[in-house]
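If you read the sequence from its start, that first residue is 1, and numbering goes on from there. Note that ligands are numbered from 1 as they come in the structure, with each ligand's atoms numbered from 1 the same way.
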Amino acid sequence: MKKILLLLSVLSLNQITAQTFTEPLPIPPTVTGTVFNLNVNESTYQFKPGNITNTYGVNADYLGPTLIVNAGDFITLNVINNLSVTTTMHWHGMHVPAVDDGGPHSVINPGETWSPDFEVKNKASVYWYHPHTMGLTNYQASMGAAGLIYVKDAEESALNLPRTYGVDDIPLVIQTKSFDANNQIQISSNMDNVSMVNGEISPYVDAPAQMVRFRALNASSSRTLNIGTDDNRTLYQISSDGGLLENPVPVTRILLSNGERAEFLVDLTGETVGNTFQFKSYMSEMPSNIEGGAGSAGHPNPLFGTDWSFMEVKVIAQTPSAITALPGTMTTLTPFLEGDASVTRPMELSSNAKINGVSMDMNVINEVIELGDTEIWTITNVTPIAHPFHIHDVQFYILDRDNGGGPVAPSATESGLKDTVLVQSGEIVRVIAKFEDYADPVIPYMYHCHNLIHEDNGMMGQFTVVDSSLATSEVLSESIRIYPNPSFDYVTIESSEANNFQNIDLFDISGKKIMTFLEGTKTLNISQLQSGLYFLKIKTSKGELVKKIIKS
Ligand code: C2O
Ligand code: CU
Ligand code: CU
């Protein structure tokens, strides 16, 4: 039987037609609490008949557990790099200090553990973690070092929503992928020819005859999804990237670009046990400028331009205490007001993976933002293809989209909190965000195209959030002298005026605090450090100053 199927799939160019939906959807295990240990490891996984595939996983052979955290909790994530290469781990969508954000600066060397800790300040929704290693994000995420984060909060918990994990509340990490002839994952721009959910190709899932909640993440490298069912049933979208929508929004398609999340309900109440339907990605209905969209007729890739099913749903018996009704109003959204914005920042997406005319440079801070400011970012796409634009640190609101006919307010499904927005060719999308809570004059946050191929090609920039109510670095700079610099063993800090050093912290270039010196210390012993670049953060009675020092 397997042999015949294999033969069929070889004979048919279109591998997706050889679907069987015979394997159950794997449900990633959950981890709760406030301390999380994430082992990023190399492994193997049998995705398809034939050769076993080399993979990455987090506490698993492929992908990682779903981390369930509560708003208001202070959490620690111990990321243990068991790979033979450097990696990083980013908490996509989460509002955290730059030093804990896991951007490309926060390198974790093989064998090392990185332990960011922060308060969970996001609203209830689905977030995710994935590597953000400079130039390797696509590879490392495609290999499987990624997973979901669910934030819970009081508002969402009070609603009558399905929340029995894996039963009536089903996580969907949707990916398209490209395998080479030896079944190995390959990084290719438009040849992804297989779709999978939670690491299983064409699975089925049992869903009880009641209201069922799906939490979808598009974790594909570059393919946008256009989710619907083969019988065009109504999906009630209840959340966008960063939180609940005001009311469930009935739709038949959910356009989900790379990195975006959507939660939706499907009402299976009263449905006959044994009924089946399929979830599909309706690529033929997407504008051709969107990766995988229409207009790709004749493209050798079976996932391009055509509609394909990625999962079958089998209706099973209703569970006790089932939810069978839609919730009413779920939240009140209070978008930032245009009038509150003090800065308008242009973001032009142009060809050759550039933003505002430049490519990502780890040594260049492209934008500096004042802590507490509300800003409007005007994202203009002058390229022939669509780009999913993502901003770290914040959740934003979409003000409007202008596709040539003037600005149009966002649709109901896009009226909630977002961290990633698809900007189509020729389109101008204005978003508004408030940069609050966390300032760091040294460690930047990223903004980038979340098409991981584009990101790795440099379609990314860096911004710092600074608090200029602290004494400016220049003023302090003049009064504080650090010598010798570079130094091999001792560094002396001297101040020209009565300036009490209250606290001196030493950070490595990844932003990891590695030494703290006691109040009053003027001579620092750095003889134990490896040679390289470090930052001294000096707190004085006059303010805070960050100085680069070099250990020779
Ligand atoms: Cu999903 Cu900069 O990341
Ligand atoms: Cu992110
Ligand atoms: Cu892009």
Anything under 30° is parallel, anything over 60° is perpendicular, the rest tilted; go ahead and classify Phe435 against Trp377. parallel
Take the Cu ion (ligand 2) as the vertex and measure to NE2 of His390 and NE2 of His90; round to 10°. 170°
Should the ring pair Trp91 and Phe118 be called parallel, tilted or perpendicular, given that the plane angle runs from 0 to 90° and is split at 30 and 60? tilted
Using the ring of each side chain (for Trp, its six-membered ring), is Tyr397 parallel, tilted or perpendicular to Phe336, with breaks at 30° and 60°? perpendicular
Atom name in His387, limited to N/O/S, at shortest distance from the Cu ion (ligand 3): ND1
Does atom NZ of Lys354 have more than 12 heavy-atom neighbours, drawn from other residues, nucleotides or ligands, at distances under 6.0 Å? yes
Can you name the residues that form a side chain to side chain donor-acceptor pair (under 3.5 Å) with Asn218, not counting sequence neighbours? Ser220
is_close_aromatic(Tyr445, Tyr438), centroid dist under 6.0 Å: no
So His130 and His90, would you call those rings parallel, tilted or perpendicular, with 30° and 60° as cut-offs? perpendicular
Mind checking whether His450 and His448 have parallel, tilted or perpendicular rings, split at 30° and 60°? tilted
Could you confirm whether His450 has any N/O/S atom lying under 2.8 Å from the Cu ion (ligand 3)? no
Decide, counting backbone as well as side-chain atoms, whether His92 has an N, O or S atom less than 2.8 Å from the Cu ion (ligand 2). no
Less than 2.8 Å from atom 2 (Cu) of ligand 1 is the window; count the protein N, O or S atoms in it. 3
Restricting to N, O or S atoms of His454, which is nearest to the Cu ion (ligand 3)? ND1
